[in-house]
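Inspection log for the structure reproduced underneath, given as structure tokens.
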Amino acid sequence: QVQLVESGGGLVQAGGSLRLSCVASGRTFSSNVMGWFRQAPGKEREFVAANSRSGSTTVYADSVKGRFTMSRDNAKNTVYLQMNSLKPEDTAAYYCNAVKSLVELTPLYDYWGQGTQVTVSS
């Protein structure tokens with residue numbers, strides 16, 4: 001069974017930065033496209049970014065393009081999300097998951113980790 005453990009969230013002022021991490025285990029990490037998703041209170045979970053198996057290609061949601069950078073370290077089974085120029089509307093719980101493909105940006109697994117909360121104050 002896959003295990004996903006997110007960390008790095010916190011409270012930050014608008015314009016600030018945070019770096020999230022997600023450690024995956026239980027499956028062959030390097031064979032999966034990996035992604036970040038987020039869910040704000042009262043809203044559905046939404047796609048944020050996805051990174052190819054090699055890490056050479058990344059796709060971003062329009063709302064974070066130019067501000068967020070996703071990367072991965074296959075040797076550590078870890079993906080990262082560097083978030084800069086944060087806005088109050090970025091406030092959400094952030095989750096990682098494998099993604100079906102860089103074209104079909106939907107979660108591969110039904111299982112989710114506990115997520116990490118990001119709160120951006122204005």
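Note that this is a predicted model, so its numbers are computed, not measured.
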Item to check | Residue pairs, two or more places apart or on separate chains, that pass salt bridge (Lys or Arg N to Asp or Glu O under 4.0 Å) and touch residues 69-89 | outcome: none
Item to check | Step-by-step side chain to side chain contact (heavy atoms under 4.5 Å, CB included) determination, N51 to V33 | outcome: CA-CA 6 Å; N51 193 247; V33 174; 6.0 Å; no
Item to check | Criterion side chain to side chain contact (heavy atoms under 4.5 Å, CB included) on T106 and V99, from CA distance to verdict | outcome: CA-CA 6 Å; T106 54; V99 174; 6.0 Å; no
Donor-acceptor pair, distance only, cut-off 3.5 Å: does the side chain of [X] make one with the backbone of [Y]?
X    : Y   : answer
E46  : F37 : no
R45  : R38 : no
T116 : G9  : yes
E6   : C96 : yes
S122 : P88 : no

Checklist entry - Do you know which two heavy atoms are closest between A24 and M34, and how far apart they sit? => result CB-CE, 4.5 Å
Checklist outcome for this item: Heavy-atom closest pair (T78 atom, S21 atom, distance to 0.1 Å) is CG2-CB, 4.4 Å
Student check: side-chain heavy atoms of [X] and [Y] closer than 4.5 Å:
X    : Y    : value
V118 : L18  : yes
Y95  : Q114 : no
L4   : Y111 : yes

Next on the checklist: Less than 6.0 angstrom separating the ring centers of F47 and W36, yes or no?
Outcome noted: no
Kindly compute the distance separating [atom1] ([X]) from [atom2] ([Y]), expressed to the nearest 0.5 Å.
X    : Y   : atom1 : atom2 : value
Q117 : L11 : CD    : CG    : 10.0 Å
R19  : N84 : CZ    : CG    : 11.5 Å
S101 : N32 : OG    : CG    : 12.0 Å

Would you say [Y] ends up clustered with [X] if hydrophobic residues are merged whenever their side chains have heavy atoms under 4.5 Å apart, either directly or through other cluster members?
X    : Y    : result
V79  : V64  : yes
L105 : W112 : yes
L86  : Y60  : yes

Next on the checklist: I'd like to check the side chain to side chain contact (heavy atoms under 4.5 Å, CB included) partners of T57; sequence neighbours left out, ordered by chain and number.
Outcome noted: S52, L102
Next on the checklist: Working note: R67 + D90, criterion side chain to side chain contact (heavy atoms under 4.5 Å, CB included); need CA distance, chi angles, decisive distance, verdict.
Outcome noted: CA-CA 11 Å; R67 301 187 298 121; D90 295 318; 2.7 Å; yes
Checklist entry - Between the side chains of Q3 and S25, does any donor sit under 3.5 Å from an acceptor? => result yes
Checklist entry - Going through the checks in order, is the side chain to side chain contact (heavy atoms under 4.5 Å, CB included) test met by Q82 and S17? => result CA-CA 7 Å; Q82 178 66 44; S17 299; 4.0 Å; yes
Next on the checklist: Check the orientation of Y94 and F68. Use parallel for under 30°, tilted for 30 to 60°, and perpendicular for over 60°.
Outcome noted: tilted
